[in-house]
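Position 1 is the first residue of the sequence, and the numbers go up from there. Values below: every heavy atom of this structure, side chains too, minus hydrogens, waters and symmetry copies. Order of listing sets the numbers, starting from 1, for every ligand and every atom in it.
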Amino acid sequence: MRFEDQRETLLSELHEMGIRDELVFSAFRSIQREDFVLSHVREFAYRNQALPIEEGQTISQPYIIALMMQELELEPNDVVLEIGTGSGYQTSLLATIVSTVCTIERHFSLTEKAKQTIAKYSFKNIFYKVGDGTKGWINSYPPVKEFNKIIVCAGAPSVSEALLNQLKIGGKLVIPVGNREQQRLKIIIKTETGFSEKQSVACSFVPLLGELGWEKS
Ligand code: SAH
């Protein structure tokens, strides 16, 4: 089956699993996942599963990506912070919907590869940083202090205070929290008086390593 047809089959599967946000579907239609995976697993690009990328990391499972994006209720004017650029796949999906995506990755080589893969889409609204994303977007260009939405694509031991501080009032953070192998998605909304929180599905991300994440082992 052609990749386009496989992509439509995957989108039907995501719909059956409860994804309804039309912006999310149109983002998935605009970006070719087969470009973001290692060549030996390219034929599996539209399976609903995580796949290996360089540096022992993974490109996240399409359902979890779609769910995180849907939970964030993305809007065209949003300025979004993404922690864990990885292959750049989710970065590109976000960039088709929102006004600005600031993305942080701890591996220089992954950021460079992601930039190359994404180049063909000519996005002007993605800003990259190599470093520890658990501390958020500090001393970086553009100098955004607070984000409408923050999305963490690696499993955290707890919710980083630094990230909560960089969320606007009314803003949303989605983050997998748990142990190194298994987590549960948490959706946190910053309110005038504090935070409201809800739990979503179980998931399994690579660990978030850094000062406010896991120690490197
Ligand atoms: N959304 C990406 C997911 C990549 S996996 C994709 O679909 O391709 C998660 C990524 O988070 C890995 O590339 C890992 O290197 C990165 N990561 C882990 N801890 C990090 C940290 N503290 N700061 C930035 N990136 C981190």
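Residues meeting the salt bridge (charged side-chain N to carboxylate O under 4.0 Å, His left out) test with K190, sequence neighbours left out: none.
Comment: E112 engages K115 in a salt bridge, judged by a side-chain N to carboxylate O separation of less than 4.0 angstrom. Contact check on R29 versus E8 returns a salt bridge, with a Lys/Arg side-chain nitrogen under 4.0 Å from an Asp/Glu carboxylate oxygen.
Residues S109 and E55 form a side-chain contact, since some pair of their non-hydrogen atoms from C-beta on lies under 4.5 Å apart.
When heavy-atom distances to ligand 1 are checked against 4.0 Å, the residues falling inside are Q57, T58, I59, S60, I83, G84, T85, G86, S87, Q90, I104, E105, R106, H107, L110, G131, D132, G133, T134, C153, A154, V206, P207, L208, L209, ordered by chain and number.
In terms of hydrophobic clustering, with Ile, Leu, Val, Met, Phe, Trp and Tyr side chains grouped at heavy-atom distances under 4.5 Å, I104 and Y141 are assigned to a common cluster.
Note that CG of L163 and CD1 of I83 are 5.5 Å apart. Values are rounded to the nearest 0.5 Å.
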